[in-house]
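Reviewing the structure listed below.
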Amino acid sequence: MTTEDLLDKVAAFLAEHDPKTTDRLEFLRARFDAGLAWVHFPPGCGGLGLPIAQHAVVEAALAEAGAPDNDPRRIGIGLGMAAPTILKHGTDEQRARFLRPLWTGEEVWCQLFSEPGAGSDLAGLATRARRDGDDWVVTGQKVWTSSAHTARWAILVARTDPDVPKHAGMTYFICDMTAPGVDVRPLRQITGEAEFNEVFLTDVRIPDAHRLGDVGDGWRVAQTTLMNERVAIGGRAVPREGGMVGVVAGTWREHPELRTPELHDRLLRLWVESEALRLAGQRLREGLAAGHPGPEGSAMKLAFARLAQKLSALEVEFLAEDGLRYRDWTMRRPDVVDFTGGDAGYRYLRAKGNSIEGGTSEILRGIIAERILGLPAEARVDKDVPWKDLPR
Amino acid sequence: MTTEDLLDKVAAFLAEHDPKTTDRLEFLRARFDAGLAWVHFPPGCGGLGLPIAQHAVVEAALAEAGAPDNDPRRIGIGLGMAAPTILKHGTDEQRARFLRPLWTGEEVWCQLFSEPGAGSDLAGLATRARRDGDDWVVTGQKVWTSSAHTARWAILVARTDPDVPKHAGMTYFICDMTAPGVDVRPLRQITGEAEFNEVFLTDVRIPDAHRLGDVGDGWRVAQTTLMNERVAIGGRAVPREGGMVGVVAGTWREHPELRTPELHDRLLRLWVESEALRLAGQRLREGLAAGHPGPEGSAMKLAFARLAQKLSALEVEFLAEDGLRYRDWTMRRPDVVDFTGGDAGYRYLRAKGNSIEGGTSEILRGIIAERILGLPAEARVDKDVPWKDLPR
Amino acid sequence: MGATTLPVPEDAGGQGAGWREVAVVAEELGRGVAPVPYLGSVLATAALLHAGAPVPDAATLVVPLSAWAGGPLPEVSVDGDALTGTVRSVADVRGVFLVPAGGGLWRTEQAEVTPVTSLDLTRPVADVAFSAAPATRVGDLASVEHALVVGAAVLASEQVGIAEWCLATTVAYLKQRYQFGRPVGSFQALKHRLADLWQEIVLARAAAKAAADALDGGEDATLPAFVAQSLCAEVAVHAAEECVQLHGGIGMTWEHPAHLYLKRAKADEIALGTPGRLRAALAPLADLPA
Amino acid sequence: MGATTLPVPEDAGGQGAGWREVAVVAEELGRGVAPVPYLGSVLATAALLHAGAPVPDAATLVVPLSAWAGGPLPEVSVDGDALTGTVRSVADVRGVFLVPAGGGLWRTEQAEVTPVTSLDLTRPVADVAFSAAPATRVGDLASVEHALVVGAAVLASEQVGIAEWCLATTVAYLKQRYQFGRPVGSFQALKHRLADLWQEIVLARAAAKAAADALDGGEDATLPAFVAQSLCAEVAVHAAEECVQLHGGIGMTWEHPAHLYLKRAKADEIALGTPGRLRAALAPLADLPA
């Protein structure tokens, strides 16, 4: 389909569903049914089987017409992680059941992967799923679950066979967050907020129909999820001084009386690196658009975390007297996270998470060294041992 | 022996051997024979069996009397590494033969440990020694040998049994550097100079009487040598701004026109760290004197290398126009090395060696992590395999 | 906490200890990130001893915790013997108020104290306002400068205590935490980072001890205090940041104590002069002009 | 080397390429640490093109290699049309001399050139002295400033080439070097360092490309050139230092090429402004006043 044809299709859709007069949810459902939700998805799944680059065309045309969006930040895990996994590994029934309310935001999703004992080493997870008739019975503890308290569904990886090596004994499920035995507790962070949750699963029953992929194939299915998490980095264009650098530069401009030569050079250095990071993102997107996806995304995640941490640390020092103060330690449960929100202290503390969440910087360096630079892997002690015999 | 008794002994010695009228070599030999060479060595070996702290008393008293010294920088390897090893592992005959001319400087020593294929991993060395009657026949290549071209003797570790794991198959020898088959070639460095040598050994015969320690016990004997190399760090008192920091601070003071705020803070930071390094050395020596040797020496070697590198790098940048120039690329063979000699470029290049020579900073970090912090060792793949079967 | 009286001579009702002992206590309090008003007491006591004034049970030197010797101080005006003005972010407010104002050091008991939320949960800060508060002059600004130097030197020992706790706790955690079938502490990249941190702490400790010694040495301790404080502040922050990072997710939680150390270390970095401001202040003392 | 004519329009006898192409060549020359007078040609050509003057086969912009746009220049005096003065540490001296003097850009063929020993063995520097050298004015100082900006942007690409060679060579060495029965490249601490270096190079490359693009874009390229040059200079030095260190002893020898890259990278860090001086110069452009 040419871009022109696609724009014609959007125009026709808009003619039938005037954003000004159509109910928001009705509009979103119709958009999904018209294949204009994510045009790179197949027909019948909210798409038209077009190249991913075409998606931006639709978004732009609809935004111009004043169409409501599906509040993508609120449902980011569903859109970014659950949907591509269901698309790739799900049955027709699963796609038909889950994708539409996921995309419209009627059903929020969360992710039950990390565990207290399995953070960087996801494949070491201990949550057990035992077969019982047509169901699986799941018991274990998950952690770092954002949106768990608002989610209707979760993507879940659990251990179905502890007697085989760890990567071979896991299975991927869709878990009903309203099922008996699901207990969600807020997990308070260093910032005072509770963005995340701990989720305790006690004999939670999951029908086998909600298994995604084969029994024992959970690791491979989870790779689809994680790959899509990584792709999201560097995804959108950022103006110069977008993000943390802009906030700190603004603080600098507001307070001539606090400036020192030392902080000046540190700020300039971080400003330069932030500008280079922005330019690297631009190159990454240009490469993607030209069909040459580069590995720069990994570099950008490392650099993003480092710069956010150094910039916010500098801001606290710069403010000195005010850097000793903090907005508010009240425990709150924010709906969306804003790394550059709050005050300088909040930004500093929150930025510490940037090198942990979504894969630690340490794990990422290992991936870069082995997959991009081709350096040899270390000998692994956990590849051929049954999971139950691993030390932990 | 009390300090007073010891000072009486020195005075008596000086009365018999007036430094003003006694030939230098004769004086040094007599000092050795009187047990005043290194008083912590046993009687008969140039010492009196006293605590090491007493040595400084003798040195001070003799220096005050204008006594000649044994030019310790020129014979540092003999004094610091060969002597303690011969003392601990040598036979009576070996001690009697080697220690006196070593100490007086009549015979210079060098060290044949490192090889092109065995740098950090000394125990991986490949130089072979085969038994032949009362002799050993040695063939191999050694590298990073300072003083090889002036040395009469070398301490040498060679592989005597390739069929056992690597640490078990080495033996420690004293090698005559004038023997047939010893070929010394200068090794030019990044600075343009050739401080070090490569030493090619081709069927060099070493009498079994020059073996130090048991056959196969070379690794353990070498530990004595290396331990003494490490002890030397932080050994002497340094005034404030001693070493590299003083040179660079001097350059800073001379050139107000080149100063920038950025370089100012960098210099201050390095000045502060250099002062802390100096203070750490002071604490280390106080601890030693009080009988509480601390592990700070390892920290000091790491910090010394880092600061020398950063300071000299800053100086080159500071000088800008002049930093683009270099004194002289002529290949020279210096007798002693002066890290702070030459020009800024020389200092910068020479300092690169500080994190490699005497144990790389990487190896040192591993030692600190395991021996001082008690972090677990990684699994070793080379402990139980015959040396000849190791990949290299 | 006996900080107030620890260094006071015995004949003046104190314990007659040296600043060296005060620093040893500070190190232990740093190791425990103890929520006690020790640093505030040190500042007040140092100022009063220097001024030759009696030391009460509890007193506060009314300066922002971010102040440093030689740096700017907030303006509190003196009209006759009445003080007016506001000082923000004062730590450990308790007892009588010692106020730098109009070129002197004044003592008053009348102020409006407004606690504010502090970044460091274990060291409260407050804004202190005076409205024509009747006061007595007890000394001059030299006593304030002296107190800020003493405070910087003592704080360096606190920072060493923080850094040591962070290193020790991280090492212990990494020994017992398993991932990929191995103790996480056996991963070389982490081992090298912790070795570097240990090396920094060795230097920091030497600098902190030298600064504390200098306080008792009778000579001007400004240089060793600024050396120690500018170095130890950064080492403590580095140690706390590594502690959080290497604990992974658990280090980011409220339930693990690492966050208390991070907040204390970061606030301490500002306290009594940020490292960069202190380095600039020591430049003339080291004959390294800008 | 065709640097002199690469960006010269075809109708003026050149090859009509853009600065983007000039930068691509610079990157390759950096990767090979090639001992060719390319950077000097770029400076001279940029100045002459900007001044609208003809570009000869070989020319030298007579500034210290350490000069930067907006920074100080050595004083060469003009008396009538005669130049007098000395300029130190000029790179790639060849052909006619283009001399900033008395507020203008002058061309002369008469100078005393004294080669000096250079830190970078592959880019010779010399002192250039004029004694009443007869000269023709060909432009003003704006052309010199422009040339220094162009040079900084092109040099950034050279630095990317240096950094990439150092990383690739180190990776290759660590794969085949065995110690402790393992390839050294399997040791995690080294892997993480090289991953960090790779990350720096990704950012450096993006900045260098953007600077080269800006030269062809018609707008003032000073900001992107300074961003790129200040960043790429440090990344190249870091890469060369890691290359030497991680090669162990062999990297310290004259026989291994690593030392050539270290010396080039270090000299390049000074060339056309050290990173710190360039950051200070870009502060007003970024609206970040001191």
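The chains referred to below are lettered A, B, ... by the order of the sequence lines, with proteins before strands, and numbering in each begins at 1. Just so you know, these numbers use all the heavy atoms, side chains as well, and skip hydrogens, waters and symmetry mates.
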Once you round to the nearest 0.5 Å, how far does CD1 of C/I250 lie from CH2 of A/W144?
7.0 Å
Residues of residues 275-290 of chain C with any heavy atom under 4.5 Å of a heavy atom in chain A
C/P275, C/G276, C/R277, C/R279
Verify, without hydrogens or angle tests, whether C/W254 (side chain) and A/L187 (backbone) share a donor-acceptor contact under 3.5 angstrom.
no
Do any of residues 256-266 of chain C have a heavy atom less than 4.5 Å from a heavy atom of chain A, and if so, which, in residue order?
C/H259, C/L262, C/K263, C/K266
With a 4.5 angstrom heavy-atom cut-off, is it the side chain or the backbone of C/A267 that approaches chain A, or both, or neither?
both
Between the CZ atom in A/R350 and the CE atom in C/M252, the distance rounded to the nearest 0.5 Å is 5.5 Å
Report which part of C/V237 has an atom under 4.5 Å of a heavy atom belonging to chain A: side chain, backbone, both, or neither.
side chain
So which part of C/L65 gets closer than 4.5 Å to some heavy atom of chain A, the side chain, the backbone, both or neither?
both
With a 4.5 angstrom heavy-atom cut-off, which part of C/T274 approaches chain A: side chain, backbone, both or neither?
side chain
By a 4.5 Å heavy-atom criterion (distance strictly below it), what part of C/D268 contacts chain A: side chain, backbone, both, or neither?
neither
Just do the salt bridge (Lys or Arg N to Asp or Glu O under 4.0 Å) check on C/R182 and A/D121 with the steps written out, would you?
CA-CA 11 Å; C/R182 297 165 51 174; A/D121 181 14; over 6 Å; no
Considering heavy atoms only, which positions within residues 242-249 of chain C lie below 4.5 Å of chain A?
C/V244, C/Q245, C/L246, C/G248, C/G249
Kindly say whether A/E321 contributes a backbone atom to a donor-acceptor pair with the side chain of C/S89 at under 3.5 angstrom?
yes
Between C/D120, C/L190, C/D127, who has the most heavy-atom pairs with chain A when the cutoff is under 4.5 Å?
C/D127
What's the spacing between A/E317 CD and C/S66 OG if we round to 0.5 Å?
12.0 Å
Between A/E362 and C/R193, is any pair of side-chain heavy atoms under 4.5 Å apart?
yes
Go through the structure and list residues passing side-chain hydrogen bond (donor to acceptor under 3.5 Å, both in side chains) with C/E241, not counting sequence neighbours.
A/Y348, A/K352
Honestly, the part of C/L119 sitting under 4.5 Å from a heavy atom of chain A is both
